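In this chain, residues are counted from 1 in sequence order. Note that this is a predicted model, so its numbers are computed, not measured.
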Amino acid sequence: QAYLDRLGLRGAELLVYALIAGAHGTVEVSQGYIAYRCGISARRAKDVLDSLEARGLIACVRRGGPDGAGRWRALG
């Protein structure tokens, strides 16, 4: 609980972060896959990824193609 409080994540941000951090390293996923797994739109998935990256909680190791696939890793 303290870990989650420190990160200050809720809702979609928490779900997306958990999906990436749960990979214990890097994970290659598309925005569509994130949207499907987290029950959000692909646009919302992109916005959440951008937000988490801007906050220094995740890093994009490699950007992907038109489907928004990329290789991500958790930093927080």
Side-chain angles (χ1 to χ4, degrees):
Q1 181 65 35
Y3 179 71
L4 295 178
D5 290 341
R6 182 177 62 83
L7 293 176
L9 300 175
R10 293 182 143 326
E13 285 187 336
L14 178 59
L15 293 172
V16 173
Y17 182 80
L19 184 68
I20 293 170
H24 302 291
T26 60
V27 61
E28 186 159 353
V29 293
S30 70
Q31 291 170 10
Y33 177 78
I34 291 171
Y36 170 76
R37 290 296 306 231
C38 297
I40 58 177
S41 69
R43 176 63 198 182
R44 178 73 177 129
K46 180 190 182 318
D47 291 345
V48 169
L49 288 169
D50 290 344
S51 173
L52 292 172
E53 187 174 26
R55 292 169 64 182
L57 296 175
I58 63 171
C60 184
V61 177
R62 182 179 57 80
R63 298 238 184 248
D67 67 347
R71 188 173 278 284
W72 299 89
R73 67 183 163 93
L75 302 175

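Under the 4.5 Å side-chain contact rule for hydrophobic residues, Leu7 and Leu15 do not share a cluster.
A 4.5 Å side-chain heavy-atom check between Leu9 and Val16 finds every atom pair outside the cut-off. Looking at heavy atoms from C-beta onward, Glu28 lies out of side-chain contact with Thr26 at the 4.5 angstrom threshold.
Leu19 CG to Ile34 CD1: the interatomic distance, rounded to the nearest 0.5 Å, is 6.0 Å. Taken from CG in Leu75 to CZ in Arg55, the straight-line distance is 13.0 Å, to the nearest 0.5 Å. Here the CZ atom belonging to Arg44 is positioned 12.5 Å from the CD atom belonging to Gln31, to the nearest 0.5 angstrom. Between atom CG of residue Asp50 and atom SG of residue Cys60 there is a gap of 9.5 Å, rounded to the nearest 0.5 Å. To the nearest 0.5 Å, atom CD1 of residue Ile20 and atom CG of residue Leu57 are 10.0 Å apart.
None of Val27, Val48, Leu49 except one satisfies the side-chain contact (heavy atoms from CB on, under 4.5 Å) rule with Ile58; the exception is Leu49.
What you find for Ala42 and Ala35 is that their closest heavy atoms are N-CB, 3.7 Å.
In this structure, Arg73 places its CZ atom where only 12 or fewer heavy-atom neighbours from other residues, nucleotides or ligands lie under 6.0 Å away.
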